[in-house]
Number of protein chains: 2
Amino acid sequence: MLTERQLFILQLLIDDYIRSAEPVGSRALSKREDVTFSSATIRNELADLEEMGFLEKTHSSSGRIPSEKGYRFYVDHLMMPPVISKEEIYNIKDLFAEKMYEVERVIQQSAKILSELTNYTAIILGPEIFDTRLKHLQIVPISKDTAVVILVANTGHVENRTITLPDGMKLSDIEKMINILNERLKDIPLVELKSKIFKEIANVLKQHIENYHQMDQILESIFNTNQSEKVFYGGKTNILTQPEFKDINKVRSILNTFEQEDIIYRLLRSEKDGIDVKIGQENNLEAIKNCSVITASYSIGGKHMGSIAVLGPTRMQYHRAISLLDYLSKDLSNALTKRYQTLNDW
Amino acid sequence: MLTERQLFILQLLIDDYIRSAEPVGSRALSKREDVTFSSATIRNELADLEEMGFLEKTHSSSGRIPSEKGYRFYVDHLMMPPVISKEEIYNIKDLFAEKMYEVERVIQQSAKILSELTNYTAIILGPEIFDTRLKHLQIVPISKDTAVVILVANTGHVENRTITLPDGMKLSDIEKMINILNERLKDIPLVELKSKIFKEIANVLKQHIENYHQMDQILESIFNTNQSEKVFYGGKTNILTQPEFKDINKVRSILNTFEQEDIIYRLLRSEKDGIDVKIGQENNLEAIKNCSVITASYSIGGKHMGSIAVLGPTRMQYHRAISLLDYLSKDLSNALTKRYQTLNDW
DNA sequence: ATTTAGCACTCATTCACAGAGAGTGCTAAC
DNA sequence: GTTAGCACTCTCTGTGAATGAGTGCTAAAT
């Protein structure tokens, strides 16, 4: 068990290191006003803390830096109460005061402001399609054998696919099908569309449509693209300002990871409600083993909708990032919920 | 005027520097088999070439590197005939053999392959909306006071906007208006929509719609967003592999520039047909003053549609990049033209 | 039993300096 | 006009010394 004094020293050291990015020595700590004991005493404590795995040295006679275990302990038990300035709160409030109807724009702006306030990279996963329901299906022919199929969801989200008609299929067949689907699929969650079609509606279609087997493929191409959520970024290159990322190769592999949306998606897809902090290797991703990721979820009417995260170096201003994220995710949820209610009490 | 031998030496030197990224000295050049004269002779020639502004030194006793003027001369007069391997041609052919109906996907894939083949960054401006014509306008209400307006173009391109009805306006009013617009705007180029509406159709609308002044705002919000073309990237971080970009700050400002689509848009929007090479400061953009940009345009049925570019260090493999770009842009034009024809002979 | 002062020791960092190597410019000979 | 030769310049590398921050340990002080 850690003594009061050890807790105190550990906290001071980590705060100092987060601020300075330099290994912290006993003398530097002992000089602080609120430290009453000598540097020798601190040295002894530091040695103990290192033995317990909370601290590390960069070389045998250097000052200490926090280990991942140290950061973990800090985040779980030691962090200072967060301070967010009024100005920052106004920044965020302003953002949501604006009338923005496209969900995507709200989210993009949130990412931007979050990255500006933290100076780290902000990542937001677009709303999951749970409880996003089909409002309308529309087909627009654009040539003799191609057409655009448009799906409109109750959230205002629009998707479209271009399809090609197989030889011999008439446009009117497709239109007929779309009509049938429109009747039967209205208000069905997008995630359930596919199974609903192939389980329940296939039979109806077979009765009405001549070449159902050809339709089959088209239905696939319309409803199959089980796209993962869209990923929004803010401050993609902020990591470059951190002194620990002078190494071009590290930076490159991080930036490349950002482009691989499936990886980011797995990284942020969190089951947990509330704030989740993953430190360094806890992320299980080589490219960001020196980074920490703080994830929160946002929701609509209490229903989990997506994730919002901050990615920075393990030497992160955790308390600041966490409080900003907490604040922003709640405001985002409120803004989206409000918007969503006007969609549903109709 | 340059002598034959000066031309030859200049070419050798630039080729060598492009390969090695190291200043090239007289001795290194004289060692080559095809060089019959001595290093002293070369030194004299190099001094002359430097005086004429084609070469520079990094310090008083270093070898020479090409100046921007040198690169310019190289590109205009000295480059070796390009060599593209069969394998690379197959790579590109494969790309366009695939059936891809969304224009955006074709373009995205082109950017990817171009960046992989050159190891630089590929940038493509999406098709300009010239000659993209409105096919269909559709309104889908999603709550009592919001609706999604969808524009479908003849190319399969789809755009959508979410609008909010002002108090007191009925949905049916909007639907009425959309119907009128649909009749009158069909096959009008997207770029002309706005002026057409406010000049010609406004009067018609005034007759049929009660609160036209309210409509006005809505029309604005639907047709105003004069969005610039979408920008597609491939190999965004490839610049990080170049030895001259070890400096994090340079990299950061380049990568940040990529995020500012309006700047990139201005950079690539080229009037010229054919291949255009801009070297270093010729780009008039501080962030990429050490980069060259090679731009080609692609077209549909001979009509200029967008730009496709490669961005790399000024020390670029110009002949390779140019030939790949030339090849790819032509194939891209063909692929899009083919696709476009099926849209129009309907 | 803690705490602290003192001290030897360890590394990283900085600096100066020397030597090597690559390259130039110039001169004089070819 | 070309080339060999040479003095000179500049970078780069390595070395060794000095500096300084910091540790660990021991013994004295509290």
Side-chain angles (χ1 to χ4, degrees), chain A residues 1-10 12-17 19-67 70 243-244 246-247, chain B residues 1-10 12-17 19-67 70 243-244 246-247:
Chain A
M1 223 33 275
L2 293 179
T3 65
E4 274 298 313
R5 194 169 64 190
Q6 284 173 327
L7 294 176
F8 179 55
I9 289 175
L10 185 56
L12 283 187
L13 187 142
I14 297 184
D15 279 336
D16 198 270
Y17 181 68
R19 191 184 44 72
S20 70
E22 300 285 324
V24 183
S26 57
R27 222 176 94 81
L29 290 176
S30 73
K31 269 192 199 149
R32 290 183 49 117
E33 281 194 355
D34 46 356
V35 170
T36 55
F37 29 90
S38 76
S39 66
T41 308
I42 296 176
R43 274 202 291 288
N44 291 329
E45 299 286 32
L46 292 182
D48 290 349
L49 286 168
E50 180 178 355
E51 203 175 352
M52 286 184 273
F54 294 110
L55 298 177
E56 287 171 358
K57 284 193 278 196
T58 57
H59 60 86
S60 76
S61 73
S62 76
R64 282 1 189 255
I65 63 172
S67 66
E244 48 264 76
K246 273 184 226 150
D247 178 0
Chain B
M1 221 35 274
L2 292 179
T3 66
E4 273 300 312
R5 194 168 64 189
Q6 284 173 328
L7 294 176
F8 180 54
I9 289 177
L10 185 56
L12 283 186
L13 187 141
I14 298 184
D15 279 337
D16 198 88
Y17 181 68
R19 192 185 42 73
S20 70
E22 300 284 324
V24 184
S26 58
R27 225 176 92 81
L29 288 176
S30 73
K31 271 193 199 149
R32 292 184 47 119
E33 282 194 354
D34 45 358
V35 170
T36 55
F37 30 91
S38 76
S39 66
T41 308
I42 295 177
R43 274 201 291 285
N44 291 330
E45 299 286 31
L46 291 183
D48 290 348
L49 286 168
E50 182 178 352
E51 202 174 355
M52 286 184 274
F54 295 110
L55 298 178
E56 288 171 359
K57 286 194 278 197
T58 58
H59 59 87
S60 74
S61 74
S62 76
R64 278 10 186 249
I65 62 173
S67 67
E244 48 264 75
K246 271 184 224 148
D247 179 359

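Since this is a predicted model, take the numbers as computed values, not measurements. Here is how names work: the chains are called A, B, and so on, in the same order as the sequence lines, proteins then strands, and each is numbered from 1.
One distance of note links CD of B:E50 with CZ of B:R43; it measures 14.0 Å at 0.5 Å rounding. The distance from atom CD of B:E45 to atom CZ of B:R5, rounded to the nearest 0.5 Å, is 4.0 Å. A:R32 CZ to A:L12 CG: the interatomic distance, rounded to the nearest 0.5 Å, is 4.5 Å.
In this structure, NE2 of B:H59 is placed 16 Å from P of C:dG21, rounded to the nearest angstrom. Between the CZ atom of B:F37 and the C1' atom of D:dA4 there is a distance of 17 Å, given to the nearest Å. Rounded to whole Å, the distance from OH on B:Y17 to P on C:dG23 is 14 Å. Atom CD in A:E45 sits roughly 11 Å away from atom P in C:dT4 (whole-Å rounding). Separating the CD1 atom of A:I42 from the P atom of C:dG6 is a distance of 17 Å, rounded to the nearest angstrom. Rounded to an integer number of Å, the gap from B:D48 CG to D:dT2 C1' is 14 Å.
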Give the C-alpha distance, both sets of side-chain angles, the deciding distance and a yes or no for side chain to side chain contact (heavy atoms under 4.5 Å, CB included) between B:I14 and B:L10. CA-CA 6 Å; B:I14 298 184; B:L10 185 56; 3.9 Å; yes
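Between B:V24 and B:I65 the shortest side-chain heavy-atom distance does not fall below 4.5 Å. Side-chain atoms of A:I42 and A:V35, non-hydrogen and from C-beta on, do get closer than 4.5 Å to each other.
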Heavy-atom protein contacts under 4.0 Å, nucleotides 20-29 of chain D, coded B base, S sugar-phosphate only, - none: -BBBB-----
